[in-house]
Number of protein chains: 2
Amino acid sequence: MRTGRPRSFDRDEALEAAIALFWRHGYEATSMAQLKEALGIGAPSIYAAFGDKRTLFLEALDRYLHTDGAFAARAVAEGPTARAGVERLLHEAAAAYTRPDRPPGCMLITAATNCSPQSADIQEHLRDVRAAGARALEAKFADAVQAGELPGDSDVHGLASYYEAVIQGMSARARDGATLDDLEGIARTAMRAWPTA
Amino acid sequence: MRTGRPRSFDRDEALEAAIALFWRHGYEATSMAQLKEALGIGAPSIYAAFGDKRTLFLEALDRYLHTDGAFAARAVAEGPTARAGVERLLHEAAAAYTRPDRPPGCMLITAATNCSPQSADIQEHLRDVRAAGARALEAKFADAVQAGELPGDSDVHGLASYYEAVIQGMSARARDGATLDDLEGIARTAMRAWPTA
DNA sequence: GTCATTCTATAACGATCGTTCGAGAAGTCT
DNA sequence: AGACTTCTCGAACGATCGTTATAGAATGAC
């Protein structure tokens, strides 16, 4: 058993509360004062449990990517075809970005858009993670070409770029108050751009 | 003639410099210290010429909407058909969002995404301006239905929502480093979703 | 030349930022 | 019980935030 005074709060619950704040307001716009109040604990407890604000944000993002944000990689990876994967990706995004019990949009996309120079590294980190997602999508399209699902002369980079833009656009629309129906409409319309044989 | 000591800087140039900063870093993430350095003048001069940071931002945004951001409303308004208007909108956005002498993306879309509660009004203001743009686009589609360009049962709201999402997605992609070619590819692909008779 | 006016520069304001020190509380271990 | 360890709480840290008071410089008016 671990010695010493036991922690007075649930670490997971605190992390979830931090996710909600960072998700809604972003990294820099979320203050330690807000975090203290939302997590219901003092600043020293936060530092002891999570490290500084930057480290807490990175852990919050990592948790997000394995929970609420995990649908994206899964949809692409598990889609039996590229088309099925993208279709599932878009429709699950529509639902995930408008859950009434969650902040709107995607944390990975929105949490570090307005950054001062001293948190440019955070901004770049999220950019890198997004870029990895776009590369996975592009690889899915390349596989589809290989498998004959898409024409041999398909612009796989252009397709990935387009659907990545649609995802980011859906997140932005959700943040502007778009409803689940709005986003599902966007998803359906975006699928009409699918390459025709 | 106006009496008193004359202003030592060009007000328009200063405003342009402020636009560049707010555009790149956003409203809250841009500090007065940055503004002082970029405008090359002291804080009291900024306050005398523009008012407080909030007022300066609103004037910067207004100027942006009449200059670099003016293409959008113009493309929709001047398009001889809805399709021509949207096509021009998307391609001009591709160029405007990747100008090498400008910050990437759209200031209206990105400048107030990460906001703390005390600047929620700024965030809402930009949201309202974006909503007005979306309504103009929807009206253009409604006109196109009236004129017979689009089928009578067209979902004009859905179409406007979709192309608004594409625009916001293009801005996000530009901020992630997408090139002019990338964005023009997105624009072309997005046009493939245009309703078929 | 002198006054009135308007801008500039320095420096400071109170508030808040993220972070940490120090004292005491709450456990386990021997 | 007492030693040891770990966490909590209140207070404070220096830095930076946006903003402004104050004093002096630069002009037009008389």
Side-chain angles (χ1 to χ4, degrees), chain A residues 1-15 17-18 21-22 24-61 111-112 114-123 125, chain B residues 1-15 17-18 21-22 24-61 111-112 114-123 125:
Chain A
M1 186 69 178
R2 220 159 78 105
T3 175
R5 178 171 175 174
R7 186 177 280 132
S8 69
F9 60 95
D10 186 309
R11 195 182 187 279
D12 277 353
E13 278 180 21
L15 186 56
L21 271 183
F22 283 131
R24 184 173 302 279
H25 299 291
Y27 171 60
E28 283 198 343
T30 300
S31 68
M32 286 301 301
Q34 284 179 279
L35 286 165
K36 273 171 51 182
E37 198 200 338
L39 312 205
I41 55 181
S45 298
I46 299 180
Y47 278 80
F50 299 104
D52 63 8
K53 183 184 165 186
R54 192 191 119 91
T55 310
L56 169 57
F57 174 78
L58 291 176
E59 182 173 349
L61 177 70
N114 295 154
C115 284
S116 61
Q118 60 256 39
S119 50
D121 56 330
I122 294 272
Q123 196 167 14
H125 174 63
Chain B
M1 185 71 179
R2 221 160 75 109
T3 177
R5 179 173 176 173
R7 186 177 280 131
S8 70
F9 60 94
D10 186 308
R11 195 182 186 280
D12 277 354
E13 280 180 18
L15 186 56
L21 271 182
F22 284 131
R24 184 173 301 280
H25 299 292
Y27 171 60
E28 282 197 343
T30 299
S31 68
M32 285 302 298
Q34 284 179 280
L35 286 165
K36 273 171 51 184
E37 199 200 337
L39 312 204
I41 56 181
S45 298
I46 299 181
Y47 278 81
F50 300 103
D52 64 7
K53 184 185 164 185
R54 191 191 120 92
T55 310
L56 168 57
F57 174 79
L58 291 176
E59 184 175 347
L61 177 72
N114 295 154
C115 284
S116 60
Q118 60 255 38
S119 49
D121 58 330
I122 293 272
Q123 195 168 14
H125 174 63

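Hydrogens, waters and symmetry mates play no part in the numbers below; they use all other heavy atoms, side chains included. These numbers were taken from a predicted model, which means no experiment stands behind them. Residue numbering restarts at 1 for every chain, and letters A, B, ... go by the order of the sequence lines.
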- prompt: Does the salt bridge (Lys or Arg N to Asp or Glu O under 4.0 Å) test come out yes or no for A:Glu59 and A:Arg11, once each step is laid out?
  reply: CA-CA 12 Å; A:Glu59 182 173 349; A:Arg11 195 182 187 279; 2.8 Å; yes
Extract all donor-acceptor atom pairs below 3.5 Å that involve side chains of residues 37-51 of chain A and protein atoms in other chains or at least two apart in sequence.
none

Length of the line joining [X]:[atom1] and [N]:[atom2], which is rounded to integer Å:
X       : N     : atom1 : atom2 : value
A:Phe50 : D:dC7 : CZ    : C1'   : 14 Å
B:Ile41 : C:dA9 : CD1   : P     : 9 Å
A:Phe9  : D:dT6 : CZ    : C1'   : 12 Å
B:Ile46 : C:dA9 : CD1   : P     : 11 Å

task: State, to the nearest 10°, the angle formed by the axis through the first five base pairs of the helix from C:dG1-D:dC30 to C:dT30-D:dA1 and the axis through its last five.
output: 10°
Could you tell me whether the side chain of [X] and the main chain of [Y] form a donor-acceptor pair under 3.5 Å?
X        : Y        : value
A:His25  : A:Thr30  : no
B:Glu28  : B:Ser116 : yes
A:Asn114 : B:Asn114 : yes

field: Contact pattern, 5' to 3', of nucleotides 13-26 of chain C - B, S or - by protein heavy atom under 4.0 Å
entry: ----SSBBB--BBB
message: With heavy-atom distances below 4.5 Å as the criterion, would you say the side chains of B:Thr55 and B:Leu58 are in contact?
response: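 They are not in contact (no side-chain heavy atoms under 4.5 Å apart), so the answer is no.
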- prompt: Do B:Ser31 and B:Lys36 come close enough that some side-chain heavy atom pair is under 4.5 Å?
  reply: no
- prompt: Does A:Lys53 make a cation-pi contact with A:Phe22, if we ask for NZ or CZ under 6.0 Å from the ring centre and within 45° of the axis?
  reply: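 Because its charged atom misses either the 6.0 Å distance or the 45° angle limit, A:Lys53 does not stack over A:Phe22.
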Contact under 4.0 Å: A:Ser45 side-chain N or O vs D:dC7 OP1/OP2: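 Answer is no, no contact under 4.0 Å.
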message: Taking 4.0 Å as the cut-off, does a side-chain nitrogen or oxygen of A:Ser8 come that near to OP1 or OP2 on D:dT8?
response: yes
